[in-house]
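Written out below as structure tokens is the structure these notes cover.
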Amino acid sequence: MSATEDHVAGRPAIDRPAAALATASRVAPPPRHLLFWLAAAGLGAALVVGLRMIGNEYGYFAGYFILQYIVLASAWNILGGYAGYVNFGAAGFMAAGAYTAIALRKATGLDLLPGIVAAAAVAGLLGLGTGYLTLRLRGVFFSIATLCLAVVLQTLVVNWDYVGGSRGAYIVRPREVPPFVSYGEYMFVVMLVLAILAVGISRTVELTRLGRGLQAIRDNERAAEAMGVPTLRLKLIATTLCGALMGVAGAPLPYYSGYLNPEAAFSLAYAVNAIAMPLIGGAGSWLGPVIGAVLLGGLQQAATVTISSALNLWIVGWMLVIFVAVAPRGILGWFRKRT
Amino acid sequence: MSDADVLLRAEGVGKRFGGFVALQGVDITLRAGERLGLIGPNGSGKSTFVNCISGDFAQHDGRVTLGGAALNGLKPHRRARLGLARTFQLPQPFNSLSVLENVRVPLLFSGQSGSATARAMHCLEQVELAAKAEKLPRELTQVEQRRLELARAIALDPQLLIADEAMAGLSHAEIDQILLLLRRLNAAGTAVIMIEHIMRAVTEFAERLVVFVAGRKIADGEPRAVLSMPEVEGAYLGKQ
């Protein structure tokens, strides 16, 4: 039957959505936000209690190490996993957060918690600036630009005497931080709260229209724009969130180690892990970076205490090669394919 | 045609790529609910014109209005919200999202997020893709992907749909399917600009025909009259 014949036969014309009274046959269930936050708080409390019962300071160190990467990987995933813009400059954003905390401490004497807020603001603004790069740069060109940003930041910090320059900066650790049993536990709890917040933000992004818009951008930016998605605005939100959370991951770093120099703050390990962890866990899902950070962070800690920390990047490299060959969509993608 | 009847008005639209003039001084007006066919040889500027209207390209000269609202300088997503939808020469689905989610995207960003799933399903029912709502776009046939493009366009509740070679590569029966959907959309009040090389589809669908050659409009009128014009035959069909 031709189109004309059908039209003449008087079949109903297409209803425009504004006038349609339709019932969805498959309506997705509403996301369970409260359940997530309660489960995260319960798991966090169990971790704190469990480590306190073990009573070993190394447990706090290893936990901090892994949680820091959960924040970093979740932050990377918002831009790289959801929107498909690969950020090679994670170390730069993290260092921006760390040095913001140091500068704030030196200028005002304010402690870690205000430092985290300031780090989020500064690294978020840096992220916002990076977002404007997406006006001109996509794909590998955007990635190279973020890498260059990290190099420029490192050069600035090396030549900024106020925060120690190339010599580095010291922060004196307090002996006691009541009600915590040790400074290690305090830092662990701080990073635990930040990790829960980062994962919660990442999950919220994924389950809201912001996440859908970013996924549309990742799949086809031109079509997304034609479908009414404000691509630039969403990318700016994503780069700002990504930058702010990376800065948050870095802010406690000088407080934890008591000393920070540019070489450590801009370490290649942060940039590599920030990308490898979501890819191995499953990019584009809030759970993927968590799985990747726990797996890779745990393996690196095991290597550090049994062999040498020099093996850490070697492990990450091999894991990436294995996953690219066996499970290119990461652990989550591998399981979804099999179910 | 009075101003009240005009949906789209393009005046003196021009576009250059470096030294190459792709479009020059193109004037086109379109009534609300009109079916316009846009034809011309490859490289004549049809897609460039469409991209200028949809906002993919910024035109160098001229002025475009939709429903009286100036489009110049507006991003494509702002034009989409004003009621301008388009499909692409090659289907451009969001490949990692299900068919249903593909249609939900425009609804989420057009102030209908509260009922987006129900409305998306309704759009899919209208293009007879509701049964494949949970599939990924790569699992659809070519004509189904074209229908998905139309479902996304319907979701925008458009005043104007630009169908850019929406029937390229389809069989005779599949072309009829797409024509049917375009006619039904048009019957609901949406004006359609059809850019097409398949003359049967254009002549069957369009009530008015515009011909482009070398970036200029050379004819505009009733399809049969336009196709019999010597300059159209010469330029488009290659006759002397």
Side-chain angles (χ1 to χ4, degrees), chain A residues 1-30 81-84 135 207-235 283-285 329 333 336, chain B residues 54-56 75-81 85-86 88 92-97 100-102 104-110 112-113 115-123 125-127 130 133-134 152-158 176-190 204-205:
Chain A
M1 184 187 294
S2 77
T4 311
E5 285 165 345
D6 183 86
H7 189 59
V8 172
R11 276 178 61 168
I14 282 178
D15 296 327
R16 298 169 72 136
L21 293 170
T23 306
S25 57
R26 275 168 271 194
V27 179
Y82 298 145
L135 280 170
L207 297 178
T208 56
R209 72 172 189 158
L210 170 59
R212 272 289 173 268
L214 293 175
Q215 288 164 339
I217 289 169
R218 178 190 62 201
D219 285 354
N220 195 320
E221 191 162 340
R222 187 181 176 208
E225 183 75 27
M227 290 298 118
V229 178
T231 55
L232 178 61
R233 195 195 316 159
L234 297 198
K235 288 187 294 184
S285 161
R329 291 174 186 272
R336 282 176 183 155
Chain B
S54 67
D56 280 340
K75 294 277 186 189
H77 74 270
R78 299 290 302 276
R79 300 184 190 213
R81 288 183 197 174
R86 68 166 298 176
F88 295 92
Q92 311 260 333
F94 305 126
N95 283 317
S96 72
L97 303 181
L100 178 65
E101 289 300 326
N102 262 270
R104 279 185 81 228
V105 167
L107 290 162
L108 289 173
F109 290 90
S110 61
Q112 302 176 59
S113 54
S115 55
T117 305
R119 289 177 186 278
M121 280 306 293
H122 185 70
C123 294
E125 282 162 10
Q126 292 177 79
V127 300
E134 304 302 327
R152 291 197 310 194
I154 293 167
L156 284 169
D157 194 15
D176 281 346
Q177 285 181 34
I178 300 298
L179 278 175
L180 171 63
L181 291 173
L182 289 175
R183 275 201 168 275
R184 288 165 71 184
L185 185 61
N186 177 248
T190 300
E204 193 173 321
F205 180 79

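Each chain gets a letter, A, B and so on, in the order the sequences are listed, and its residues count up from 1.
Considering CD of Glu225(A) and CZ of Arg79(B), their distance stands at 10.0 Å, rounded to 0.5 Å. The structure places CG of Asn95(B) at 13.0 Å from CD of Gln215(A), a figure rounded to the nearest 0.5 Å.
Side-chain N or O atoms of Arg212(A) include none that pairs as donor or acceptor with a backbone N or O of Val105(B) at under 3.5 Å. No donor-acceptor pair closer than 3.5 Å links the side chain of Gln92(B) to the backbone N or O of Ala223(A).
Considering every non-hydrogen atom in both Leu97(B) and Asp219(A), the closest pair reads N-OD2, 3.8 Å. The two residues Ala80(B) and Met227(A) have their closest heavy-atom pair at CB-C, 4.4 Å. The minimum heavy-atom distance linking Phe88(B) with Ala226(A) is given by the pair CZ-CB, 3.9 Å.
Counting heavy atoms from C-beta on, the side chains of Arg209(A) and Phe109(B) come closer than 4.5 Å. The side-chain heavy atoms of Pro230(A) and Lys75(B), taken from C-beta on, include no pair separated by under 4.5 Å.
Other residues, nucleotides and ligands contribute more than 12 heavy atoms inside 6.0 Å of the CZ atom of Arg222(A).
Contact of Arg81(B) with chain A is made through the side chain alone, with heavy-atom distances under 4.5 Å.
Ranked by heavy-atom pairs under 4.5 Å with chain A, the first of Ala120(B), Ser96(B), Ala153(B) is Ser96(B).
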